[in-house]
Amino acid sequence: MPASISRCAPSSRESISDARGRAVANRSGSRLRYRLSTVFCSARLPARLLSACGVRSLRALTVRGYRQTFTITMTPVVTSMSRPAEGVLGPPTMGRLVTDHPSHPLMPRREVDPRQELPALELEVLERWRERDVFAESLRMRDGADQWVFYEGPPTANGPPGTHHVLSRVFKDIYPRFQTMRGYRVERKGGWDCHGLPVEIAVEQQLGISSKAEIEQRIGIEAFNAACRESVFAYVQEWNRLTERIGFWLDLEHAYRTLDEPYIESVWWALAEIAGRGLLYEGNKVVPYCPRCETTLSSHEVALGYEDVVDPSVYLKLQVAVGEERLLVWTTTPWTLPGNVAVAVSPTADYARVQVGDEVFLLAEERVEPVLGDSAQILERFSGAELVERYQSYRGPIFAARDRDPGELPILSDDFVTTEDGTGIVHLAPAFGEDDYRVAAASPDVPFDPTVAGSLYNPVRPDGTYDGRVLGREGRSYEGRFVKDPALTEELIADLRERGLVLRVQEYEHSYPHCWRCGTPLLYYAKPSWYIATSRLRDELLDANETVNWYPPHVKHGRFGDWLKNNVDWALSRERYWGTPLPVWRCPQGHVHVVGSFAELAERSGAVLEDHHRPYVDDVGFPCPDVEQATGEPCGEQMQRVPEVIDVWFDSGSMPFAQHHYPFEHTETFEQRFPADFICEAQDQTRGWFYSLLAIATLLSWRAPYRNVVCLGLILDEEGQKMSKSKGNAVEPWQVLDTYGADALRWYFFTSKQPWDGYRFSADAIGEGVRLFLKQLWSTYYFYVLYANASAQQLTAPTTAQATPAGTTPDGGSPDEERGGPADDLDRWALSRTAATADLVSERLDAYDATSAGRAIAGLVDELSNWYVRRSRRRFWDGDRAAFQTLRTCLVTVAELLAPFCPFVADEIYDNLDGSLASVHLCDFPQGAALAPRDEELERAMALARETVRLGLGARGQAKIKVRQPLSEAVVVADGRERVGIERLADVVREELNVRRVRFVAAAEELGSYEVKPNYRTLGPIFGKEMPLAADAVAALDPGRVAAAVRDGGALGIAVAGRDHTLSADDVILTMRAPDGYSVEREGAHAVALDLAIDADLRDEGRAREMVHAIQGARKTAGLQVEDRIELALDGAAPLLDAATQHRDYIARETLAVAVHLGVDAVREAAATDYTEQTEVDGLALNISLRPARQDPR
RNA sequence: GGGCGAUUAGCUCAGUCGGUUAGAGCGCUUCUCUGAUAAGGAAGAGGUCCCAGGUUCGAGUCCUGGAUCGCCCA
């Protein structure tokens, strides 16, 4: 049986297209919809093309049709992967199979439940995808096609996925689905981020421990890491289940995992490369540190332990190197003063030289009064930058030390210094502050080079006590004293005071972080750390960023660009256990070697490891390969690995190559799949994955690793609060999925707003999307299926000239463009709108704008539902084949457009209405031009007709006359092109308004009068400042003359400020002025008036309609099916029976009555009725009796 | 403290190049239609377009300053 009948113009020799003009095959073979074994062809096709398309034989060659179009019948090669052969459908997934009529393209396969629960439907569609292996097939189908590359940013599976994960995952799904339908091969390898502190903390909690000491001594690294390996996949099942349930197509079977040996080896390779470029060095990092636990705390741990405390703060006076002035410096941490190497001011703030008594001080002008009071006399003012230039240095160090000579220390400036509190001058101790470290490192005047180990001056030991270098009063030592000990603080202050350095000591209350485990105040403390010198590649990073498209665009030069501009070296190492081990080995001589592969390690050490994690890799040593420059001899001392592991961001940032074990394997795969066309994560990844990907690629001298980045916003709860587990306001995704379904949730995320703005998550809003869009679509689809089944005989009857309008294809292909008439206008309009929407959706999705694309689809569905179907009901009831063809084409196209958004409902509709492929997700994305010719004139006309109807209904409402009551005439004011447009659709307007005639009048004077207004948009640029005068001149014109001139193309001039201007039609806006008390509705230049006179004839017809309405209700109450025939008996008030007599045929037709009995006797005769009802019509009594007809005449 | 973004009807959001009377959906009130019916249609009520300046003939839209909220960084 033919799978499809297709047409294609011979001139387009590049491809074979199917009925809707979508390419099914082409020369390159890259967009194959079918593998063709046999082609029945009505005209000669180039043999070359056919063979290129995989066609094996040609059967028939007869010319048919006109305009040289020809028909191809293709038989798909049935492979194990394609859908079962025709007629051998899988089990019904929904509704019962329709089997009582022949298979036909216009016939749906299954009946549809109008109240279908979407979550249940989705589970069935998921099952169908599994049976038909659709995801895999969607990839196989694009074998050999160009790749469109997606990178999955790996989540950590040690906790359950939340709603925000659903958000990023549906956006990670929609664009790959779209691009697949566009013809690309889009592989989607899943991935898991397995290492890192969050995993370790979870395991610590699980084991009931809380310190590194406990891990090393009680548990052991081996057991600890084994526990981490277990724990990291604790929720992987749930992740997989959710991923599948929300319709995120991702290859989970072959997901990469950052803990796998090949992955680790690739990471080692990258680090060795980076080290080989001289970009890896050991430096220091100032981190929050608990001296009792001797451990570093992560930022979220720090956040746990803030407490308000009162500390002594000290105002110091430091003598400048040259001059009498003293710098006033304020500190809340006197213990850091021994580490002082410089002071800093703000370059932009104003500073003052002030006299107090016989002393002269320097401090921020703003702080003079708060610090020194009224007695201070300002001698001079200058900026911070000038201060630096003028004084340059001060006498130091503040505390004497064994290894420091008294001398001058520099005055620096940096933006981080503020004048909010203190003195606007701060002391810098790079070992104890991040800003201090950064500013000191950047200054050439401070003898500190971050890339040189040992150049940082730090007199505090890891246990929080001073070492022996700091000298106290009279040669006393502070060695071994705990720096936060209050007694020590007093001693330090007394020491300073004795030396005349203290202006004042003041208690200061502030919020200070404490260890959340033991309550010890934290120190900010420089720890040795391995760095990558990314700041040396700042320009390269910025250049690479220039090649990236960011969504939203402001991220590029905003948040992300700023971050790159202020780039600091990447602190790579972590003193932890569960991570990729840092592949750095060191010998006692301080030589360093970075190992770049497992083979290299095995070769050097002789040890072959199965697992390169700690602690196994810690035991492996080898002779130092470094060659002593002096002697030329190898060093040869035993190297041991440094204890650190790598920052997990380096793991995930390595995924472009590490997922393929590049460069050890699959080099070609990697090269084809680099860079990514698309990545998508939440905004918090700007400093995370977005950065690590870019940094690593740049460090390896590659291109930017991604071309397009979609940056998602945060999900807040209904009150605008951040969702968090601890607040208990997190919405559990399963709850939403079970209630509304995945399509509903997806639709909400895609269309409710631009995703980067963040969401106020609300279940009500999701429900609204279901009601307004999904249910409306489903309802339209249900309507089609209901009537297609009811009209089965007409639709599947053999084609005759009558039944099939000329030019349509007997299989339900696209309606031909040669037909005419109002019904066809509606068809053409629907198809034109569908084509326009298809192009718009493509364009918007190409621009990563799912929001507008989705809203466009919703608009189309609304037009189909509330206008096309509404206006075409009669035709469906009559079995009008063109109407069925049109609606089917539109619905199938909607399904295809919707496939990337709501993959479940889209697939269900496609499968039932078309089903020529195993899934809608194997289709090509619709293209407007191939679908139907655009008729923009008609679209405009239809918009006008709808506007006219709206006005007409408004006029009816004003007059309080029901739409069921026919009226004799509607008078429509329209002119020129507008009139031509509406006139063409007059029947539509007439029916919708239920009037016998539509009359057009050109001049609005008949219904009211005009008002003329200037068009500022055109006149503004011409008149500029004289615009108000011009507006007055236009307003002064006679509206009637203006209207006539506009109509007849006559010229009208105005004179403004001595300047003449000839008005064009565009320069004026004519508006209806409201007349009083008539049934007229007007808007802009349009108006509709209704003749309200109702004669006997109209009244009878109205009553007949009312009766039909009542009978329809009775039918329904009686539980009859739509297509059931009835016998009908009516009795009641005489005027109603008169009207019924008058319109007996009409009533019979509308209610499917094979017989209509009227009057008391008739009712009595039909005594054996199944159903009787008493009602009122028009205030008159009506008695309805009915029963199913004995024989169905059909 | 710095950076980025947001602020439009009770709620959720549109608003194009600056153009006069700022829109939609939901909700509310009234009416209406209907064999798609838990939908649809019409009308009504509902607005200091966050505030203050500025540019302009004209500002929701552009500029400056400020407020509030959110995020990131410190």
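All values below come from the heavy atoms of this structure, side chains included, with hydrogens, waters and symmetry mates left out. Reminder, nothing fancy here: chain letters follow the sequence lines and each chain counts from 1.
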Taking the side chain of [X] as heavy atoms from C-beta outward, which of [options] is closest to it?
X        : options             : answer
A:His554 : B:G5, B:C73, B:A36  : B:G5
A:Arg687 : B:C72, B:A74, B:A36 : B:C72
A:Arg855 : B:G19, B:C13, B:G40 : B:C13
A:Arg559 : B:G41, B:G35, B:G3  : B:G3
A:Asp435 : B:G35, B:G5, B:A74  : B:A74
A:Gln754 : B:A14, B:A36, B:A74 : B:A14
A:Lys753 : B:A74, B:A14, B:G35 : B:A14

- prompt: Are there more than 12 heavy atoms of other residues, nucleotides or ligands under 6.0 Å from atom CD of A:Glu117?
  reply: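 Check fails, neighbour count at 12 or below.
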Side-chain N or O of [X] less than 4.0 angstrom from OP1 or OP2 on [N]?
X        : N     : result
A:Arg873 : B:A36 : yes
A:Arg760 : B:U12 : yes
A:Tyr781 : B:A36 : no

Between [N] and [M], how far apart are the two [atom1] atoms, rounded to whole Å?
N     : M     : atom1 : result
B:U8  : B:G70 : P     : 15 Å
B:A6  : B:A36 : P     : 45 Å
B:U55 : B:U61 : P     : 15 Å
B:C51 : B:A22 : P     : 16 Å
B:C72 : B:C28 : P     : 37 Å
B:A24 : B:A43 : P     : 10 Å
B:G15 : B:A9  : C1'   : 14 Å
B:G35 : B:U21 : P     : 44 Å

message: What I'd like to find out is whether the side chain of A:Tyr784 reaches to under 4.5 Å of the side chain of A:Val869, using heavy atoms alone.
response: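 The answer is no, as the side chains (C-beta and beyond) never meet within the 4.5 Å cut-off.
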Could you tell me the separation between the [atom1] atom of [X] and the [atom2] atom of [N], rounded to a whole number of Å?
X        : N     : atom1 : atom2 : answer
A:Tyr759 : B:C71 : OH    : P     : 17 Å
A:Phe560 : B:C72 : CZ    : P     : 16 Å
A:Leu118 : B:A38 : CG    : P     : 16 Å
A:Phe690 : B:C72 : CZ    : P     : 14 Å
A:Ile766 : B:C13 : CD1   : P     : 13 Å
A:Asp849 : B:A14 : CG    : P     : 11 Å
A:Asp436 : B:A74 : CG    : C1'   : 13 Å
A:Tyr868 : B:G41 : OH    : P     : 19 Å

Hey, does [X] reach any base, or is it just sugar-phosphate, or nothing, if we go heavy atoms under 4.0 Å?
X        : result
A:Val869 : base
A:Asn566 : nothing
A:Thr780 : base
A:Gly758 : nothing

- prompt: Quick one: do the A:Asn567 and A:Ser535 side chains pair a donor with an acceptor below 3.5 Å?
  reply: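 No, no side-chain donor-acceptor contact under 3.5 Å.
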- request: Look at A:Arg875 together with A:Asp878 and state whether they make a salt bridge at an N to O cut-off of under 4.0 Å.
  value: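 Looking at A:Asp878 together with A:Arg875, the answer is no, because their closest N to O distance does not fall below 4.0 Å.
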task: Give each stem of RNA chain B as a range with a range, requiring at least 3 consecutive Watson-Crick or G-U wobble pairs whose two distances are under 3.5 Å.
output: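 RNA chain B stems, ordered by first number: B:1-7 with B:67-73, B:10-13 with B:23-26, B:28-32 with B:40-44, B:50-54 with B:62-66.
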task: Could you say whether A:Arg1105 or A:Ser752 is positioned toward the 5' end of RNA chain B, judged by the nucleotide with the nearest heavy atom to each?
output: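 It is A:Ser752, whose closest nucleotide lies nearer the 5' terminus.
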- prompt: Mapping A:Leu864 and A:Thr686 to their closest nucleotides on RNA chain B, which lands nearer the 5' end?
  reply: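 Looking at the nearest nucleotide for each, A:Leu864 comes out on the 5' side.
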field: A:Asp862 vs A:Ser865, side chain to side chain donor-acceptor pair (under 3.5 Å): CA-CA, chis, key distance, verdict
entry: CA-CA 5 Å; A:Asp862 188 64; A:Ser865 167; 5.7 Å; no
message: For a salt bridge (charged side-chain N to carboxylate O under 4.0 Å, His left out) check, start with the C-alpha distance between A:Glu863 and A:Arg870, then their side-chain angles and the critical distance, and finish with the verdict.
response: CA-CA 10 Å; A:Glu863 285 180 311; A:Arg870 176 184 165 89; over 6 Å; no
message: If you go through the side-chain atoms of A:Ser865, does one of them form a donor-acceptor pair with the base of B:A36 closer than 3.5 Å?
response: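 Yes, a donor-acceptor pair under 3.5 Å.
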- request: Just say parallel, tilted or perpendicular for the rings of A:Tyr868 and A:Phe876, cut-offs at 30° and 60°.
  value: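 If you compare the ring of A:Tyr868 with that of A:Phe876, the planes turn out perpendicular.
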task: Could you check whether the rings of A:Trp563 and A:Tyr691 sit parallel, tilted or perpendicular, using 30° and 60° as the cut-offs?
output: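 Judged by the thresholds at 30° and 60°, the geometry between A:Trp563 and A:Tyr691 is perpendicular.
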query: When the aromatic ring centroids of A:Tyr740 and A:Tyr748 are compared, is their separation below 6.0 Å?
result: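 No.
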task: Run through A:Arg1105, A:Arg873, A:Arg874, A:Arg1115 and flag the one making a salt bridge (Lys or Arg N to Asp or Glu O under 4.0 Å) with A:Glu1150.
output: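 By the salt bridge (Lys or Arg N to Asp or Glu O under 4.0 Å) criterion, A:Glu1150 pairs with just one of A:Arg1105, A:Arg873, A:Arg874, A:Arg1115: A:Arg874.
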